[in-house]
Protein chains: 2
Amino acid sequence: MRVTAHDVAEAAGVSRSAVSRAFTEGASIAPEKRQRILSIASMLGYQPNRIARGLSGRRTGLVALVFGRVSSPYEAWLLDHLSQAIRARGKWPLLLSAFPEGELDGALAHALSYQVDGAIVAAGSVSRTLAERCAALGAPIVMVGRILDGVAVDAVCCDNALGMRQLVELLVSEGRHRIAWIGGKAEAFSNVERQAGLLEALSGWGLEPWARRVADYSVEGGMLQALALLTADERPDAILCGNDAMALGAISAARRLGLGVPEEIAIAGFDDIPAAAWEPYLLTTVCNPVAETAAQALRLLEQRIDDGARPHEVVRLTPRLVRRRSA
Amino acid sequence: MRVTAHDVAEAAGVSRSAVSRAFTEGASIAPEKRQRILSIASMLGYQPNRIARGLSGRRTGLVALVFGRVSSPYEAWLLDHLSQAIRARGKWPLLLSAFPEGELDGALAHALSYQVDGAIVAAGSVSRTLAERCAALGAPIVMVGRILDGVAVDAVCCDNALGMRQLVELLVSEGRHRIAWIGGKAEAFSNVERQAGLLEALSGWGLEPWARRVADYSVEGGMLQALALLTADERPDAILCGNDAMALGAISAARRLGLGVPEEIAIAGFDDIPAAAWEPYLLTTVCNPVAETAAQALRLLEQRIDDGARPHEVVRLTPRLVRRRSA
DNA sequence: CTGAAAGCGCTTACAG
DNA sequence: CTGAAAGCGCTTACAG
């Protein structure tokens with residue numbers, strides 16, 4: 001039914017070993033023999049079974065991609081780049097998404113049963129023990145958008161503090177001093193860093209947040225919190241949001257109240273998702289460099305696969321201020 | 001290093017066969033023995049190697065998920081539901097996305113080398129030979145959002161014609177008779193069906209499209225084409241778009257020209273992506289039932305896996321008109 | 001219900 | 001450079 005190396009060997013009059021070598025980069029086999037085997041194989045429609053190949057000790061070529069939901073704009077965008085980067089290296093993404101909250105360890109452990117060559121984690125938080133276990137099994141982890149203190153894991157992450165500094169500087173230079181903050185999921189790494197960055201940047205100007213609110217990184221959440229901020233007795237003159245989605249919601253809130261953006265209220269986000277550039281919004285934000293994030297994550301993963309003992313590396317990517325109309 | 005069945009067998013004083021049986025649903029093994037093995041296994045951190053399991057003839061539990069880009073809103077949304085549905089059934093999605101245009105066959109063939117148990121195809125068009133080859137290898141295909149004439153493949157697809165009929169009926173009942181159409185990617189199945197549905201629905205009212213334009217299913221594309229339509233000498237009084245993204249762009253175009261939506265120009269889309277409900281848009285559209293699509297796709301796949309000979313089934317899902325503000 | 005043995009399709013020392 | 005053989009970690013008839 002399925003064409004195997006055996007069939008090809010027979011058709012080519014060589015051993016199964018030779019067939020295997022023909023498909024193995026750098027194996028010692030006569031060049032013309034390899035050519036002949038390869039062409040016979042393709043005629044027969046033979047392709048080495050990756051499962052068998054994985055079993056006999058070589059890599060499976062599978063890379064686990066760990067996401068929460070993949071339908072929020074930033075995640076979808078990152079996933080797109082990451083899966084392309086993985087495919088570009090001849091590997092395959094095994095998508096691990098929407099696992100129940102807090103079950104990352106179990107889910108990753110399960111992924112290990114597929115002998116993934118590595119994992120790129122863009123959601124949740126990896127425990128030290130799991131990271132070590134993965135490494136021991138030859139399936140190193142790279143974290144994206146999060147950095148674990150005291151856990152030796154490669155990571156690539158946007159310089160959130162710098163991004164907030166850029167935004168605050170822009171706002172303050174425009175004369176805004178009543179700057180409110182709508183943070184995202186409280187425990188999320190990006191949220192913690194962005195909020196800390198905001199506080200530090202503000203204090204550099206002798207300021208404090210005008211008000212602080214928490215939403216869930218969603219458009220609707222941002223809208224609700226912004227409504228609360230904008231209907232308070234003393235209104236802020238600017239709202240900084242923990243991500244773009246919430247900022248889009250905040251713009252809608254301002255409009256609903258008949259407030260001019262940015263005249264009466266400046267609004268800015270973080271990430272620069274595609275929708276930020278859509279006409280009704282023209283959101284001023286900071287660009288979280290997704291393509292570079294994906295590229296670096298794969299570089300780190302491959303280097304770690306090649307040399308499990310190299311020192312761990314944390315790459316900080318520089319965000320870029322994108323000024324549109326909302327601030 | 002890695003804990004194997006051998007280690008568990010030794011620790012439990014049983015054979016490797018027994019360990020295997022303990023992990024195999026319905027295998028004949030004494031219940032108390034199974035319990036003991038399972039608990040020892042979990043203490044040792046043993047989990048059957050899925051790769052080895054796949055090799056020895058059983059299923060790998062892998063389901064290929066074939067997408068184009070996954071970052072467009074509708075695709076991201078569908079992917080989310082599909083990957084959840086797959087995980088809910090204890091299987092894993094192998095994501096196959098962003099393959100070069102027209103290379104679906106090659107990509108799917110490659111996925112086969114991972115012995116996927118099946119594939120859900122939500123992009124491109126599967127050739128008859130590939131569909132047959134997949135089936136022969138025990139990896140059946142289910143197509144989502146597309147139906148292949150003359151190719152025996154299970155499929156689940158929204159009733160596009162009905163959706164267009166609902167939209168046209170709404171517009172006409174509101175007195176709109178100059179209805180323009182912005183179609184999506186010309187060859188796309190959904191586009192072909194929606195456009196045909198539009199023509200038929202219009203002719204039912206004795207109408208023809210006021211004008212026809214083609215974009216690429218993107219927000220920007222929709223905006224450009226709508227600008228052209230709305231600056232023509234004779235303006236339409238409604239624009240129907242092949243998907244929501246283009247309709248969002250069309251709304252922006254109308255605004256840019258200072259045209260009231262829906263007063264001066266009604267605009268409607270197709271799919272009901274999350275952004276359709278965002279405040280600046282409040283897009284009237286037709287809901288493409290994504291959750292049900294995912295559920296049906298998995299049902300079809302599992303039934304096909306169980307019985308490769310059952311008659312092929314095409315499920316048509318009923319779209320639902322969602323009236324918001326834009327039309 | 002249980003264990004010894006063959007086999008899944010490949011890779012990789014090993015000996016030549 | 002090449003082939004015969006062992007082995008990857010599991011499952012599954014087979015015989016008991």
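Note on naming: letters A, B, ... go to the chains in the order of the sequence lines (proteins, then strands), and numbering restarts at 1 for each one. Values below: every heavy atom of this structure, side chains too, minus hydrogens, waters and symmetry copies.
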Take the protein atom [atom1] of [X] and the nucleotide atom [atom2] of [N], then report the distance between them rounded to whole Å.
X	N	atom1	atom2	answer
A/Tyr114	D/dG9	OH	C1'	15 Å
B/Phe23	D/dG9	CZ	P	16 Å
A/Leu55	C/dT11	CG	P	11 Å
B/His6	C/dA4	NE2	P	12 Å

Side chains of [X] and [Y], donor plus acceptor under 3.5 Å:
X	Y	value
A/Ser97	B/Asp80	no
A/Gln84	A/Arg87	no
A/Ser190	A/Glu193	no

Practice prompt. Grab the two heavy atoms, one from A/Ala155 and one from A/Ile147, that are nearest each other, plus how far apart they are.
Written response: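 Shortest heavy-atom separation between A/Ala155 and A/Ile147 comes out as CB-CG1, 4.1 Å.
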Discussion item. Quick check: any donor-acceptor pair below 3.5 Å linking the side-chain of B/Arg21 to the base of C/dG3?
Written reply: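 Present.
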Mind checking if [X] touches a base, just sugar-phosphate, or nothing, with heavy atoms under 4.0 Å?
X	value
B/Thr4	sugar-phosphate
B/Arg50	nothing
A/Ser28	base
A/Tyr46	sugar-phosphate

Discussion item. Do the side chains of A/Glu302 and A/Lys91 get close enough for a salt bridge, i.e. N-O under 4.0 angstrom?
Written reply: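 A salt bridge is absent here (no side-chain N lies under 4.0 Å from a carboxylate O).
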Fill in: Separation between the C1' atoms of D/dG16 and D/dT12, rounded to whole Å
16 Å
Worksheet entry | Spacing of the P atoms in D/dA13 and D/dG9 (rounded, Å) | 23 Å
Closest to the [X] side chain, choosing from [options]:
X	options	result
A/Lys33	D/dG3, D/dC10, C/dT2	D/dG3
B/Ser56	D/dT2, D/dC10, C/dC10	D/dC10
B/Ser17	D/dT12, C/dC1, D/dC10	D/dT12

Fill in: Assigned partner base of C/dA4, Watson-Crick or wobble definition, under 3.5 Å
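By the stated definition (distances under 3.5 Å), nothing pairs with C/dA4.
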Discussion item. Under 3.5 Å for both donor-acceptor distances, Watson-Crick or wobble: does D/dA13 have a partner, and if so which one?
Written reply: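 Base-paired to nothing in any strand shown.
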